[in-house]
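The model shown is predicted, which means the values in this text are computed figures rather than measured ones.
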Amino acid sequence: MPAPVSTTAPAFPASQFSGRSVVSAGRVDVGIAREQHRRRRLWVLAVVLAIPTAYLFWRLADGRPFNVFAVPKVDWVVITPILFFVALIGFAVVYYAVSGRSPHVVYRPEQIDVRLADVVGIDAVREEVIRSLNLFLAHKTYAAETGGRPRRGLLFEGPPGTGKTYTAKAVAAEAGVPFLFATATSFQSSFYGATARKIRAFFKQLRAVAQREGGAIGFIDEFDAIAGRRGGMEFTALPQELNGCQGMTVFPATYASATRLPALQRNDFGTSDMTGPVVNELLVQMQSFDQPTGLQKLIGTLADKINLFLPPHRQLPKPRITPANIMLIASTNRADGLDPALLRPGRFDRKLAFELPDRASRRALVDHFLLRKSHNAELDAGEQRDILAGLTQGYSPAMIEGLFDEALVNAVARGDRAMNWLDVEQARLTEEIGLGQPVGYTPHEKRLIATHEAGHATLAWLVAPERRLEVLSIIKRKDALGMLAHGDKADVFTRSRSEMLALIQIAMAGQCAESVFFGDISTGPAGDLLYATNVAAQMVGAAGMTGSLVSYAAIQSSAFNDNNLVGRVLADSRGRDAVEALLQEQKAVAKRLIEEHRHLVEALRDALLDRHELVGPEITDILEAAAIGPVTIDLRDAADTLPR
């Protein structure tokens, strides 16, 4: 006989609230509440079934059983018009109810095949999620023993594919409670007020499920679609600015919009702001977790009616309202666009940033995904996996998994069921630089493009040894007739002035190679100049690398204001002159280096004309061989040393 389940919460040590492991839901408040509700439902069911059963037995004992086959006679001439109007009214009622129905989908824990052990590469975020989950599971014990308030809302913010939805599903599976999934766009409706009614219905379902199951987790994907900043919220006081090293991206694109001065408000005929009512409804509902249930409302109403006839010392107490145990998780790629009122404690208590994984995290992701996917033994080598982790810099977890899926497609295409290193490399190149497209270049164009790209690669090898040369090609891919793909050998979060200058020189090298070898330039360097201008504008207008310490990102309202930093710099005559001078100076450096090392450019050019595409070590091998040069022996000196 199984041991009875305890209906009282045990002492819960504070160490269990850490983010190391998830507590057992059946032994803490959620499991205890679920067992209590299950027993109560069994008693209610027993009573409901006992009453009609006893009545039927009494009728049988009295000799008056029911005749279930007796059908009453109906006059259809009279009943048909009544049924028509009833159906018409019913259709209107159903349509109204459906238009305001919550759009969520309920997943039970056993339907979700993801666990927190599968969340790899974001250890810090996972620990914080586990800590919040433990507080959710033991909410009563935590509140009683510490006086703290469990977290009601978690906001997952980060680029696409970084594991926000994946982690939310894992949380629901580990919690052992129903998971109500909805997308923000599914709440939107063209009928006025329908969006707010859907939001109310969603939170009503959350409260109902939480009362039945001891807890519920709600998830709204792409939350910014219904939670955008309301008009006038620019006047809200912003948190204190923090000064620090901001890495490679000096200012986010939303810097100006987040800190701009209050703009003039306009009231245009025929327009309306639909964001305000929706956000207001969200604000109200996220404070409604402690609403009374329907039965509590009924008992409270009856108590109020009876108390009208009773003296103060005889008043009947109203039912105590127990807050529903709900955790709301929302995900977005743009947390900066959310309404500030939603982000305060008590609504979204914790904002977790899902960043792109670093090298160690990418290595863990490579190991995790390769456990599930068929691969050759060469991909089991630690060195190969380390190289792959380095090559996938900037990849999200979804992109890494997609890379292996594409590699398996390549393996199947060549008749194998397991991918090898070449399949992965081919998939990576296709993903990053596109499929190669045959183009019939003229001989002059082919030589010009090969010289241009060889100039880029030569300068990259000379001035930026910290960069990895990946692909050098004269095959058309996407919009590029030829290309040099190069990246950092290690994860880099900031750049020095010399590294920024090297990037400009590499970009200018293609045009310089054309000028040195052909005495003319083509339209090919247009993209190179665009890149070089962006780098130079960042050096001039944001990083203080050219003498001036004025930051153009501080410009908020002027004739040359622009959301793009480059636009701000180029709109100012002094900034434009500084960018032009910097570009001209680095072009002169690049041209001098091309002239001094033209034999390296020629070696790469000839290899490109012969092979059309060079990958990885093939590029550096040619440059290293050309740098050594042919070995010459002076036969006259050798003759003097010969015996006579």
Side-chain angles (χ1 to χ4, degrees), residues 19 22 102-133 136 151-188 198-199 202-203 205-206 209 215-228 282 286 326-338 342-343 347-357 361-362 364-365 368-369 372 395-405:
V22 181
S102 175
H104 70 271
V105 178
V106 180
Y107 292 95
R108 304 294 303 185
E110 58 271 14
Q111 294 178 289
I112 304 174
D113 59 353
V114 179
R115 295 296 184 270
L116 285 172
D118 300 320
V119 179
V120 180
I122 48 174
D123 295 339
V125 172
R126 184 176 62 179
E127 288 182 5
E128 194 64 30
V129 167
I130 292 175
R131 186 177 295 111
S132 300
L133 178 57
F136 167 79
R151 293 169 178 171
R152 288 185 168 185
L154 297 179
L155 180 65
F156 291 171
E157 174 199 9
T162 49
K164 299 183 294 295
T165 304
Y166 194 81
T167 304
K169 291 181 178 179
V171 169
E174 296 283 359
V177 299
F179 180 64
L180 280 65
F181 175 86
T183 60
T185 54
S186 63
F187 288 99
Q188 295 175 337
K198 289 182 178 182
I199 292 174
F202 176 70
F203 281 90
Q205 286 295 316
L206 270 176
V209 172
I217 295 179
F219 179 71
I220 303 178
D221 201 7
E222 303 301 338
F223 191 54
D224 52 281
I226 58 173
L282 279 171
M286 292 190 71
I326 294 173
M327 179 187 290
L328 180 67
I329 303 175
S331 72
T332 178
N333 306 131
R334 300 175 57 250
D336 58 289
L338 299 181
L342 288 167
L343 304 180
R347 293 193 174 105
F348 284 107
D349 301 280
R350 193 67 170 166
K351 183 170 70 172
L352 299 178
F354 286 68
E355 303 291 345
L356 294 175
S361 298
R362 294 196 301 272
L365 287 165
H368 176 71
F369 290 131
R372 306 180 177 187
Y395 277 49
S396 67
M399 292 174 64
I400 294 176
E401 185 175 16
L403 175 66
F404 290 135
D405 290 336

Contact summary for [X] and [Y], nearest pair of heavy atoms:
X      : Y      : value
Ala227 : Leu282 : CB-CD1, 4.1 Å
Leu206 : Ile217 : CD2-C, 4.1 Å
Val106 : Pro178 : CG1-CB, 4.2 Å
Pro109 : Arg115 : O-NH2, 4.1 Å
Val125 : Ala353 : CG2-O, 3.5 Å

Side chain to side chain contact (heavy atoms under 4.5 Å, CB included) between Ile226 and Lys198, worked out: CA-CA 12 Å; Ile226 58 173; Lys198 289 182 178 182; over 6 Å; no

Output a table of donor-acceptor pairs, distance under 3.5 Å, between side-chain atoms of residues 163-172 and any protein atom two or more places apart or on a different chain; print 'none' if there are none.
from	atom 1	to	atom 2	distance (Å)
Lys164	NZ	Gly158	O	3.2
Lys164	NZ	Pro159	O	2.9
Thr167	OG1	Gly163	O	2.6

Report the distance from atom [atom1] of [X] to atom [atom2] of [Y], rounding to the nearest 0.5 Å.
X      : Y      : atom1 : atom2 : value
Leu356 : Ser361 : CG    : OG    : 10.5 Å
Thr183 : Phe223 : OG1   : CZ    : 12.5 Å
Leu180 : Ser102 : CG    : OG    : 7.0 Å
Leu328 : Arg152 : CG    : CZ    : 11.0 Å
Asn333 : Phe354 : CG    : CZ    : 12.0 Å
Arg126 : Leu116 : CZ    : CG    : 7.5 Å

Min side-chain heavy-atom separation [X]-[Y] under 4.5 Å:
X      : Y      : result
Val209 : His104 : no
Met286 : Phe203 : yes
Leu365 : Tyr395 : no
Ser396 : Pro160 : no
Arg151 : Glu128 : yes
Leu338 : Leu155 : yes
Glu355 : Ile122 : no

Is it true that a side-chain atom of [X] and a backbone atom of [Y] form a donor plus acceptor pair closer than 3.5 Å?
X      : Y      : answer
Arg334 : Asp224 : no
Gln188 : Ala225 : yes
Arg347 : Leu342 : no

By side chain to side chain contact (heavy atoms under 4.5 Å, CB included) - contacts of Val105 (at least two apart):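 With neighbours one apart ignored, the set is Tyr107.
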
Mutual orientation of the aromatic rings belonging to Phe202 and Phe187 [parallel < 30°, tilted 30-60°, perpendicular > 60°]: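 Rings of Phe202 and Phe187: perpendicular, as their planes differ by over 60°.
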
Residue pair Leu154, Met327: steps toward the side chain to side chain contact (heavy atoms under 4.5 Å, CB included) verdict: CA-CA 8 Å; Leu154 297 179; Met327 179 187 290; 4.0 Å; yes

Step-by-step side chain to side chain contact (heavy atoms under 4.5 Å, CB included) determination, Phe156 to Val129: CA-CA 10 Å; Phe156 291 171; Val129 167; 4.1 Å; yes

Sequence neighbours excluded - salt bridge (Lys or Arg N to Asp or Glu O under 4.0 Å) pairs with any residue from residues 178-188: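 The answer is none; no pair qualifies.
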
Donor on one side chain, acceptor on other, Asp221 and Ser331, under 3.5 Å: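 Yes, Ser331 and Asp221 have a side-chain donor paired with an acceptor closer than 3.5 Å.
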
